[in-house]
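Because the structure is a prediction, the values reported are computed rather than measured.
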Amino acid sequence: QVQLVESGGGLEQAGGSLRLSCAASGRAFSRYAMGWFRQAPGKEREFVASITWGGRTTYYADSVKGRFTISRDNAKNTVYLEMNSLKPEDTALYYCACGFSTSSSAELYDYWGQGTQVTVSS
């Protein structure tokens, strides 16, 4: 069992930056791939980024590529999402998730956090 707790969300102006964190419980954190997803009101949950268990390989949605960076610190059981050049369309509830795949498909992730709200004003 893994529990995930996101933090770092908030209100930011367009063009600004935020750094999300996801703290995981459990000793097996380093065995899992990690992902970030987001869900805006009235829309389906969508993939944002993922990272392999060792942190060597990352994947991004086209909409955030070049602006967002996913990273992890296995010693701290934490995964991060650095978000730069924020746009109003980035406004959403952001979730972290873990599983044995870096897939963009949410169904392949086993554990989820409760989410942290990111709001970007124009």
Side-chain angles (χ1 to χ4, degrees):
Q1 188 80 10
V2 177
Q3 292 186 334
L4 303 172
V5 179
E6 303 95 335
S7 62
L11 175 63
E12 184 58 69
Q13 292 186 337
S17 300
L18 284 172
R19 188 194 198 201
L20 305 184
S21 299
C22 174
S25 65
R27 298 180 179 179
F29 173 77
S30 61
R31 297 172 53 191
Y32 287 98
M34 299 295 297
W36 285 98
F37 290 76
R38 65 187 183 186
Q39 187 167 18
K43 295 188 177 181
E44 292 189 355
R45 190 172 298 190
E46 65 173 0
F47 171 77
V48 175
S50 61
I51 187 167
T52 53
W53 65 271
R56 282 194 168 188
T57 306
T58 56
Y59 303 89
Y60 297 93
D62 287 343
S63 58
V64 306
K65 201 172 294 183
R67 299 189 298 122
F68 290 11
T69 303
I70 187 172
S71 61
R72 67 190 295 165
D73 185 339
N74 286 343
K76 295 182 178 180
N77 278 13
T78 302
V79 63
Y80 305 97
L81 186 67
E82 185 75 35
M83 305 186 296
N84 299 315
S85 302
L86 284 165
K87 304 176 180 180
E89 51 263 45
D90 294 320
T91 295
L93 188 61
Y94 282 71
Y95 299 90
C96 69
C98 70
F100 291 107
S101 170
T102 51
S103 172
S104 60
S105 176
E107 289 75 18
L108 296 182
Y109 289 79
D110 299 310
Y111 302 102
W112 292 80
Q114 294 300 305
T116 185
Q117 178 67 39
V118 171
T119 303
V120 183
S121 63
S122 57

Side chain to side chain donor-acceptor pair (under 3.5 Å) against D110, all qualifying residues, sequence neighbours excluded: none
Where F29 and R72 come nearest, the two heavy atoms and their spacing: O-NH2, 3.1 Å
Selection residues 31-93 - residue pairs positive for disulfide bond (SG atoms under 2.5 Å apart), sequence neighbours left out: none
Any pair counted as salt bridge (Lys or Arg N to Asp or Glu O under 4.0 Å), so long as it reaches residues 9-26, sequence neighbours left out: R19-E82
Those residues that, when tested against S103, pass side chain to side chain contact (heavy atoms under 4.5 Å, CB included) (two or more places apart): S101, S105, L108
Under 3.5 Å, which donor-acceptor pairs link side chains of residues 1-11 to any protein atom two or more places apart or in another chain?
| residue | atom | partner | partner atom | Å |
| --- | --- | --- | --- | --- |
| E6 | OE1 | Q114 | N | 3.1 |
| E6 | OE1 | G115 | N | 2.8 |
| E6 | OE2 | C96 | N | 2.9 |
| E6 | OE2 | G115 | N | 3.2 |

K65 bridged to D62 by N-O distance under 4.0 Å: yes
Under 3.5 Å donor-acceptor, R67 side chain and S85 backbone: yes
Parallel, tilted or perpendicular, as decided by the 30° and 60° cut-offs, for the rings of Y111 and Y32: perpendicular
Side chain to side chain contact (heavy atoms under 4.5 Å, CB included) against S122, all qualifying residues, sequence neighbours excluded: P88
Pairs meeting criterion disulfide bond (SG atoms under 2.5 Å apart) with involvement of residues 37-85, two or more places apart: none
Qualifying side-chain hydrogen bond (donor to acceptor under 3.5 Å, both in side chains) pairs, either residue in residues 39-53, two or more places apart: R38-E46
Under 4.5 Å side-chain linkage, directly or through intermediates, the cluster mates of W112: F37, F47, Y59, L93, Y95, Y109
Side chain to side chain donor-acceptor pair (under 3.5 Å) partners for N84, two or more places apart: S17
Listed partners of C98 passing disulfide (SG to SG under 2.5 Å), at least two apart: none
Residues that A33 engages under side chain to side chain contact (heavy atoms under 4.5 Å, CB included), provided they are two or more places apart: T102
